[in-house]
Amino acid sequence: MLHPLLGAVGASAGNGFAELVRDGSLLVAAPVAALAGLVSFLSPCVLPLVPGYLGYVTGLSGEELDSGRKSRVVPAVALFVLGFSAVFVLAGAVFGQVFLWLKGEGDWIVRLLGVLVMVLGLGFMGVIPWLQGEAKVRWQPPRGLIGAPLLGATFGLGWAPCIGPTLAAVLAMSSAGSTDPGRGAFLALAYCLGLGVPFIVIAFGVRRGLARIRALRRHRAAIMRAGGVLLVLLGLLMALGWWTDWMNALQNWFVSEYTAPI
């Protein structure tokens, strides 16, 4: 049962990525997805835990991290980012395929997803308390390089109130104007860049990066409010059908402008 689904997702996603270069709507959607990833990184669910993640995936103590052993920190962090990126991109591809199966002739699903994104945005801001719960994978991989990608995967498989809503919004956003699951996977990848690149940047300058994290913690409430407003606005555009219309218009303009025969 699972094998045909994954096969269909893989084949469709492969064809979909070949078409993505001709999708002008991604010029807007991809930066929004990357911004959502950055908001997730800056949120209280991730930012304060970065030193702990760095110590776990490298197997180094706090003092050893401060000494800046880049030769060990950078590969470990890269494997950690690769772990959760694999989970999120696969989720994007599967969501894209399932959405295409359900979409039919109408856009009611996109509008429904828009309402869901609005609710998640309110949850992101803390307005809906029951969305502030967490669901984590309790299994702990071994410390160090071997366990780094596995820790990243468990990080991606759980639910956190600062990551779940933003990722769900990106997946919902990928449904607007979508004709292939490759779009969902691509936007999930853009989200992973927004979430993962800051981890890599900190790995290259651990001491300075950890100091910046301590400074950013003072603005966590403002970050949550701004991120929640972004999600609510995106959900409202989707619920009203404006996001789909905008994406379709951009796609048609891009195709006519850059792929028309000479």
Side-chain angles (χ1 to χ4, degrees), residues 16 19-20 22-43 88-89 91-128 131-132 159-195 222-257:
E19 298 294 327
L20 288 176
R22 296 191 295 180
D23 188 350
S25 63
L26 289 177
L27 296 176
V28 173
V32 172
L35 178 60
L38 179 60
V39 169
S40 294
F41 176 83
L42 295 174
S43 67
F88 291 157
V89 171
V94 172
F95 176 87
Q97 183 64 60
V98 172
F99 174 80
L100 290 180
W101 287 342
L102 296 176
K103 186 176 182 181
E105 299 297 328
D107 64 346
W108 65 270
I109 295 182
V110 177
R111 294 176 183 270
L112 180 61
L113 290 173
V115 174
L116 175 61
V117 170
M118 293 174 65
V119 172
L120 292 174
L122 294 174
F124 192 88
M125 289 186 284
V127 176
I128 305 178
L131 284 176
Q132 293 295 303
W159 168 275
C162 308
I163 294 179
T166 51
L167 179 62
V170 169
L171 297 182
M173 180 176 63
S174 71
S175 65
S178 176
T179 57
D180 59 74
R183 180 185 176 90
F186 185 84
L187 291 182
L189 179 60
Y191 175 86
C192 292
L193 289 175
L195 176 60
I223 292 169
M224 294 296 285
R225 286 194 294 268
V229 170
L230 173 66
L231 295 182
V232 171
L233 289 177
L234 175 61
L236 181 62
L237 291 174
M238 294 177 62
L240 294 174
W242 296 351
W243 181 265
T244 300
D245 294 341
W246 192 17
M247 293 298 100
N248 288 337
L250 280 172
Q251 186 173 9
N252 292 335
W253 170 82
F254 191 83
V255 170
S256 62
E257 187 75 16

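Since this is a predicted model, take the numbers as computed values, not measurements.
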- For L236, side-chain contact (heavy atoms from CB on, under 4.5 Å) partners two or more places apart: M118, L240
- Message: Restricting to non-hydrogen atoms, name the atom on L113 and the atom on M238 that form the minimum distance, rounded to 0.1 Å.
- Response: CB-CE, 4.1 Å
- Residues I163, F88; criterion side-chain contact (heavy atoms from CB on, under 4.5 Å); working and verdict: CA-CA 11 Å; I163 294 179; F88 291 157; 4.2 Å; yes
Show me the side-chain donor-acceptor pairs of residues 27-41 shorter than 3.5 Å, one per line, residues at least two apart or across chains.
residue : atom : partner : partner atom : Å
S40     : OG   : A36     : O            : 3.1
S40     : OG   : C162    : O            : 3.3
S40     : OG   : T166    : OG1          : 2.5
S40     : OG   : Y191    : OH           : 2.8

- Can you name the side-chain contact (heavy atoms from CB on, under 4.5 Å) partners of V115, sequence neighbours left out? A239
- Would you name the heavy atoms of V117 and L231 that are closest together and state the gap between them? CG1-O, 3.2 Å
- Only counting residues at least two apart or in another chain, list the ones meeting side-chain contact (heavy atoms from CB on, under 4.5 Å) with L193. V197
- Query: Considering all heavy atoms of both residues, which atom of L120 and which atom of A168 are nearest to each other, and what is their separation?
  - Reply: CD1-CB, 3.5 Å
- Item | M125 side chain near V232 side chain, heavy-atom distance below 4.5 Å | yes
